[in-house]
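Take a look at the structure below.
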Amino acid sequence: MKKFLNKPEQFVDEMLEGIYLAHPDKLKYVNNDLRCLVRADSKKGKVGISTGGGSGHLPLFLGYVGDGMIDGCSVGGVFQSPSADQMFEVTKAIDQGQGVLYIYGNYGGDIMNFDMAAEMADMEDIKVLQVVAGEDVASSPKGEEHKRRGVAGIFFVYKIAGAAADKMLSLEEVKRLADKAAANVRTMGVALSPCIVPEIGKPSFTIEDGQMEIGMGIHGEPGIDKGPLKTADETAQILVDKIVKDLPYEKGDEVAVLVNGLGATPKEELYVLYRKVSEILNKAGISVFHVFVGEIATSMEMAGLSLSLLKLDDELKELLAKPADTPFYKQFQL
Amino acid sequence: MKKFLNKPEQFVDEMLEGIYLAHPDKLKYVNNDLRCLVRADSKKGKVGISTGGGSGHLPLFLGYVGDGMIDGCSVGGVFQSPSADQMFEVTKAIDQGQGVLYIYGNYGGDIMNFDMAAEMADMEDIKVLQVVAGEDVASSPKGEEHKRRGVAGIFFVYKIAGAAADKMLSLEEVKRLADKAAANVRTMGVALSPCIVPEIGKPSFTIEDGQMEIGMGIHGEPGIDKGPLKTADETAQILVDKIVKDLPYEKGDEVAVLVNGLGATPKEELYVLYRKVSEILNKAGISVFHVFVGEIATSMEMAGLSLSLLKLDDELKELLAKPADTPFYKQFQL
Amino acid sequence: MEKLLISDFKEILNKLKDVMVENRDYLIEIDGIMGDSDLGLTMSAAFTAASDLAEDYSDDDIGTMLSKAGMAMSKAAPSTMGTLMGTGFMRGGKALKGKAEINLKNLYSFWDAFMTGLLDRGKAKIGDKTINDSLYPAVLVLKDESDRNSELYPAFQKALKAAEEGVEKATAMQAQFGKAAYYGEKSRGKVDPGSIVGKLLIETFTDYFKTQ
Amino acid sequence: MEKLLISDFKEILNKLKDVMVENRDYLIEIDGIMGDSDLGLTMSAAFTAASDLAEDYSDDDIGTMLSKAGMAMSKAAPSTMGTLMGTGFMRGGKALKGKAEINLKNLYSFWDAFMTGLLDRGKAKIGDKTINDSLYPAVLVLKDESDRNSELYPAFQKALKAAEEGVEKATAMQAQFGKAAYYGEKSRGKVDPGSIVGKLLIETFTDYFKTQ
Ligand SMILES: Nc1ncnc2c1ncn2[C@@H]1O[C@H](COP(=O)(O)OP(=O)(O)O)[C@@H](O)[C@H]1O
Ligand SMILES: Nc1ncnc2c1ncn2[C@@H]1O[C@H](COP(=O)(O)OP(=O)(O)O)[C@@H](O)[C@H]1O
Ligand SMILES: [Mg+2]
Ligand SMILES: [Mg+2]
Ligand SMILES: [Mg+2]
Ligand SMILES: [Mg+2]
């Protein structure tokens, strides 16, 4: 294991200490718990948006806490859910009387804990609604969408919900828009190499030399096809085909595209892939409103990438285009 | 070699095609040559700033072409200088009669080619001045600063020069400020794993299991100490000590910090390192104006990081704080 | 009929901690096959927290102590199994609230509430290849035995047998929940790590009663 | 005295291409020791571009053809050595501008201008462990031989010997320029890849004259 760390069991807390030291004007923690992260400033009277999940995916999840995006995040151990308790503390800290929307990925541990947190919030009369993001088409077939893993597409859900809350819309309305984004996004990924959880110290799965795994999840969940490394163009074709057929995205549709690096894969390769993605979408008559290329949801040092499409309509487009400014994500008006 | 690519010899051009497809409103190329990249729009009457260098370092170099930063970039093959010819084409495209400043790293091939390009520009009466960035303290001892490699610190030089040009300062004045930034920045890096040039297909250097190389350059140039992997805190201590002593940075100084990931190293680890950097600087009485954490200058999938400090005064601080908006780098007013 | 005091539950929680620590590597290994290899870490952390809490607990209310142990577990290990254990102990403890002495009937009501907590929180059904598939049959046996006023040790021996059979059955099932569900048909034939945890719970109680 | 025509230079550029392609892997290997392993790639690319240009060149102006070949080289391979080769051929070609026939005297003036180009562009001095250290001694020999009106083949044989000795000397030097300079003292005893390129240039000319 080649990592910059001190004691593996201190990894997450030391990372958080570094984050608070680096961004003291933007982020703080509540309840004396580094893992209960909230915005240092906040817009009064706004619906609160909170997320949470395991560490090891930066900028996911906490990186989207900031202006125009979300308000708080409970932080788990590497690939571990934070506790209901922590989620509840964040909820209390960001509620401004307008209620709080939870947005999180479709993982057992997270669901149970957010459910528990919502029960706790209910007992304190904080109105909580939940949006579970699950859009990895490789993780479950059509018809069983509710079983799908949440991966990089959650970025779009944050962005839409964040912009909606910023417009001072109601909790119900923010949820409606977040649900719409979640329903209109599809993702698929491919992995070339594993990653190492510091406390485990060695990869918990392997991908052989010269092999790639199509559809692998961001914690190494199995994909749908393990086989010899394909070219960038072939890979793009497989990802686009599967995603486009699933929703389906159709001729005349307008989409936002996200080409997400999982960690070790350089930006150069993401652009080589996008070249083909753009060509295929263009041929299919699907137009691209904007493409995001970079590390949006990672698995530490895993090599690989994922592709997400978000189908847009006027209201989603308007919200997606709004600026955002967090320590990890900056966007000028599109 | 596990990479998303088609033919290795097409890697750079396909990457560029992807980049132009992704950012059509921001970037274009001139002279029918994908490798002569310039801003799609531009501010009239401004001093032009151009850079160039080998591919494989995204967001370096072309990623800093955009609003508030630089105007053009000639793009070489992976780890290869672009040609003088290409540099000259970019020069012609971005000159607005106020002259052009070349900012590039201290590498033999780049120097020779930019020198040739400057001769060509001179023949066409385009005024060109040059700033060579070389700040890697591990690459050459104090007293031999002119031999030092240019690495991530060039980001600060772009930022300062870009903001200066944006203020419509003269070529000489922009150069003065860029030189000042270059003179006040120091960097040192450490590598954990090598990277692969696509056309070569295998690593051209190795770092053994459990080993790290302190002071390694971004093309695998040898460092000053190869030895067992150190903890994040020990690594931070070594980097800060060497950098601080070199300039030297002193009690009461105000600095900007850059913790740069070389490629595969996750952001999590950069923050674990920054935690200690912050502590050491704090103890030394050096205050941090702003810290940049992320991938600013990479070596494809190399694992490792570099630390840069820029000593600030009022004029540098004002320029550093200005917003910037390129497809690869976005900064709101600090 | 035998009575259990708060000291017994402190001892049982202590044993549970030991068992989870002993099985740390084994749980890591089996969770690594279709999961994320954390189960050994989380169960050790959860039961260490529970045992620490119990040790420090100075009152004699068994139910409250177990509820608090559950809260401590879900804070210490917010993974699927940690949260389920936390929920189970919280709900089970609630069923024993105020009690300083416990018999098999009470113990059944603990396990019944524990099980209901798991089903509520996890939303998995019997047959979905989870901890439910080893624990639920064991709890059914405890109901029977409690109705028949059995002794603790033989009752738990039978429950353990049911849990062990449950592990076998779960092995043959296709996972519908948790990370293993991504393996679909391929999950058949592989042991479900959660079902092992269910069995370890019952086994630890059983072993404790044996030595009394 | 022997005369070289444009056809000879086309043939020599063609041979240079072959030599660089044959030595591709060797140059990659030696550049890999303290450099970036690209020398085999860049020299093949540069001389292929030069040879292609020469093949298509339809005039009889040897100097212009060589200058253009230099431009093609620096476009095709803008690395250190590619740029130096480009500069060398551009400057050398300029010295022969307008000539359709070449003798040893002219050829010396080509190499003299070539060498000056390298020193100008690269700013390295003799003794800095670069191509200069094999090429400069060879060019000095050519000056002598040209002053003495020697035949082409023996003149180049001697120049080649000087280049070979230059390679040996360069091996012992400490690198002051290029990537190898980062190795400081450690660069001593390791062959300088650029010096090999210098030797290959002279060797290819020599071999060509031998077979005439
Ligand atoms: N919804 C659920 N209800 C009950 N048990 C579940 C559920 N989902 C998963 N499990 C059990 O959890 C076990 C894995 O636990 P754990 O390792 O803590 O999960 P994770 O690491 O995914 O959070 C599985 O073997 C299964 O028995
Ligand atoms: N300034 C210089 N002047 C002359 N020759 C140089 C100079 N710098 C480096 N060289 C030569 O260039 C050789 C390496 O060439 P090349 O592989 O093209 O360099 P790079 O890959 O660094 O651009 C060295 O072996 C040395 O002989
Ligand atoms: Mg990364
Ligand atoms: Mg990267
Ligand atoms: Mg697990
Ligand atoms: Mg080289």
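By convention in this document, chain letters (A, B, ...) are assigned in the order of the sequence lines, proteins followed by strands, and residues within each chain are numbered from 1.
- No other option in Gly304(A), Gly261(A), Pro327(A) has as many heavy-atom pairs under 4.5 Å with chain B as Gly304(A).
- Classification of the Tyr271(A)-Phe328(B) ring pair by plane angle, with boundaries at 30° and 60°, yields tilted.
- Of the atoms belonging to Leu229(A), it is side-chain heavy atoms, and not backbone ones, that fall under 4.5 Å from chain B.
- Chosen from Leu305(A), Val288(A), Thr235(A), the residue pairing most often with chain B at heavy-atom distances under 4.5 Å is Leu305(A).
- Between the side chain of Glu269(A) and the backbone N or O of Leu5(B) there is no donor-acceptor pair closer than 3.5 Å.
- In terms of non-hydrogen atom pairs under 4.5 Å with chain B, the most contact-rich of Glu301(A), Lys230(A), His290(A), Lys330(A) is Lys330(A).
- Here the NZ atom belonging to Lys267(B) is positioned 12.0 Å from the CG atom belonging to Leu60(A), to the nearest 0.5 angstrom.
- Judged by distance alone, the side chain of Lys2(B) and the main-chain N or O of Leu192(A) form a donor-acceptor pair under 3.5 Å.
- When the shell of 6.0 Å around CG of Asp25(A) is examined, it contains more than 12 heavy atoms from other residues, nucleotides or ligands.
- Using a 4.5 Å cut-off on side-chain heavy atoms (C-beta onward), Glu295(A) and Glu295(B) make contact.
- In this structure, chain A has heavy atoms under 4.5 Å from both the backbone and the side chain of Val190(B).
- Between the Asp233(B) side chain and the Asn6(A) main chain, no donor and acceptor come within less than 3.5 Å of each other.
- There is no contact between Ala303(A) and chain B, counting heavy-atom distances below 4.5 Å.
- The minimum heavy-atom distance between Leu58(A) and Glu268(B), with the atom names listed, is N-OE2, 2.9 Å.
- For the pair Glu17(B) (side chain) and Val272(A) (backbone), a donor-acceptor distance under 3.5 Å is absent.
- With a 4.5 angstrom heavy-atom cutoff, Ile207(A) touches chain B via backbone and side-chain atoms both.
- Chain B forms more heavy-atom pairs under 4.5 Å with one residue of Gln331(A), Met212(A), Lys7(A), Gln10(A) than with any other, namely Gln331(A).
- Contact count versus chain B (heavy atoms, under 4.5 Å) is highest, among Val291(A), Leu21(A), Leu273(A), Val277(A), for Leu21(A).
- Taking OG1 from Thr231(B) and NZ from Lys3(A), the interatomic distance works out to 15.5 Å, rounded to the nearest 0.5 Å.
- Within the 4.5 angstrom heavy-atom criterion, no atom of Leu16(A) approaches chain B.
- Proximity to chain B is limited to the backbone of His57(A), based on heavy atoms less than 4.5 angstrom apart.
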